[in-house]
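Residue numbering restarts at 1 for every chain, and letters A, B, ... go by the order of the sequence lines. In this text, all values refer to a predicted model and were calculated from it rather than measured experimentally.
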Amino acid sequence: MAHKPSIPKGTRDFSPQEMAKRNHIFDTIKEVYELFGFSQIETPAMENLSTLMGKYGEEGDKLLFKVINSGDYLKKVSADELATADSTKIISKISEKGLRYDLTVPFARYVVQHRNDIQFPFKRYQIQPVWRADRPQRGRYREFFQCDADVIGSNSLMNEVEIIQMLDKVFTKLDINVVIKLNNRKILAGIAESIGYPEKLIDITVAMDKIDKIGPDAVYDELRGKGIDDDAIQMLEPFMNLQGNDTNQKMNCLGEFIGDSAIGNRGMLEVEEVFDRLKAFDIKNEVELDLTLARGLSYYTGAIFEVVAKDAKMGSISGGGRYDDLTGIFGLKDVSGVGISFGADRIYDVLTELDKFPKTQLKGTQVLIVNFGKEEEKKAVKILTQLREEGISSELFPESAKMQKQMKYANHNNIPWVILAGEDELQSGVLSLKNMESGDQFKITIDELISKVK
RNA sequence: GUGGAUGUAGCUCAGUUGGUUAGAGCGCUGGUUUGUGGUGCCGGAAGUCGUGGGUUCGAGACCCAUCUUCCACCCCA
């Protein structure tokens, strides 16, 4: 090898062992989604750039991977334009496709495009990779999988409640202790309104969101930097300091604060209703009203969710919210949706850190038949076929290699049973079966073997 | 995108103020009287020291660039 081949920054290969673990995560999520009545769709890796641009804020546009046009892609660019070296201007001429940044926007596009075939409310789930041209770090990749579930075409807060149940169920099944954080964009809007800066909603919420990380003083500094005056900042203080999980206290404090804001009040009512409806269900994990939870995506309009693992240092491992008009941008008005996304790659990292992957061997080959040579192979093939017909994953070593090599192969691949069918066994008509874990070996007939391994 | 670290056998890492043929453990591989893996013993292969330049009589060590990974910021799953 002259130069070792490599893969692009922030992308990864997955080994068979890793795939077994990843599938454990995907299967768990899928199972819960289907249990709640969601059905699966897929959309292309590439979307038209016009579908993606402007949906994720200014930062998001920068993080989009653009796909350069095929053929002579510079043909449409004049020499003058090229000379300006203005990449933002030129990009629109040389690229009209981009890799999807998330699954929600492509879904909105899907809903609008197929509106006549869809029966609302439409509950779909989607498990596919997304791409972001971010700088990679731990738990942060340029290609990663999202596992989305959305209900579109229903305003009922029952959907929010179901989503919280699904979050709870998935993380309970995966054995990760989490805090499910809940907030509402309308409350945040009420706060911005009450301190006199309704137009600074995004700046205020982005700053508030960081309180856990950088502390109140740094948040106030950032707000000042955004042009919020000290009086307004002072008004924020009381509930910036509201910690813990006392929902009533938070709501009371909030009521006094944003009582005059119509939108704020609506947000409070929504949150109250969600908590109220939630009482009818047995939720295993903590559900916390977190008034500082903001979430960057600009399309959220109501409930917002975020899930954080209690026992691992990792950003959010799941997030979502309600968006009242995502399809509006694509020409379909007044269709509200609410959804969540599990970050499978981060969940993988958390499970690895906490050593929480199931210990029981994830299903692989159960039986290896040792290959003793041409003659014995004929009998071995029959046994192999019989085992497979019984639904037992089994393989015959493809060549009559040394016994040591074949045993090592079984060992390395965690194959629990090895069948020895050599000259002796063919004579006597019984097989030798070896348990690779205990090392025990005994004579057995094929039928006994099948019932034992099955 | 901004700032800071990192990169030596497949993996985890040693490598002294620049000085002969670059080391260990694990893994891999061969043997241990040829029908038995995972534990023992003996042997072996394996590295253009991330890549490309430069300084020097001499560079794995120093300088520059570039890439990767990691860390902080931004933002986020």
Next item on the list: For each nucleotide in nucleotides 1-6 of chain B, reading 5' to 3', give B when a protein heavy atom comes within less than 4.0 Å of its base, S when such contact involves only the sugar-phosphate, and - otherwise.
Entry: BBB---
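Between Arg346(A) and Lys434(A), the residue whose closest nucleotide on RNA chain B is further toward the 5' end is Lys434(A). Summary of the strand contacts: Lys402(A) and Gly422(A) both lie near RNA chain B, and taking for each the nucleotide with the nearest heavy atom, the more 5' one is attributed to Lys402(A).
Applying the 5.5 angstrom centroid cut-off and the 30 degree plane-angle cut-off, the aromatic ring of Phe342(A) is not stacked upon the base of A77(B).
Shown here is Lys405(A), whose NZ atom has no more than 12 heavy atoms of other residues, nucleotides or ligands within 6.0 Å. By the neighbour-count criterion of 12 heavy atoms within 6.0 Å, atom CD of Glu237(A) is densely surrounded, having more than that number from other residues, nucleotides or ligands.
The C1' atoms of C13(B) and U21(B) are separated by 23 Å, rounded to the nearest whole Å.
Using a 4.5 Å heavy-atom threshold, the side chains of Phe281(A) and Ile164(A) count as separate. At a threshold of 4.5 Å between non-hydrogen side-chain atoms, the residues Ile127(A) and Phe145(A) count as touching.
Figure legend. G3(B) is base-paired to C71(B); pairs are counted as Watson-Crick or G-U wobble with both atom distances under 3.5 Å. Pair assignment for U48(B): none, as no Watson-Crick or G-U wobble contacts are both less than 3.5 Å.
Using a 4.0 Å heavy-atom cutoff across all strands shown, Tyr409(A) reaches no nucleic acid atom at all. Using a 4.0 Å heavy-atom criterion, one finds that Gly373(A) contacts no nucleic acid atom at all.
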Notebook entry, point to check: Would Lys62(A) and Glu59(A) satisfy salt bridge (charged side-chain N to carboxylate O under 4.0 Å, His left out), going step by step from the backbone distance to the final call?
Noted result: CA-CA 5 Å; Lys62(A) 285 187 205 157; Glu59(A) 283 299 315; 3.6 Å; yes
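If you check distances only, the side chain of Asn411(A) never reaches the base of G38(B) with a donor-acceptor pair under 3.5 Å.
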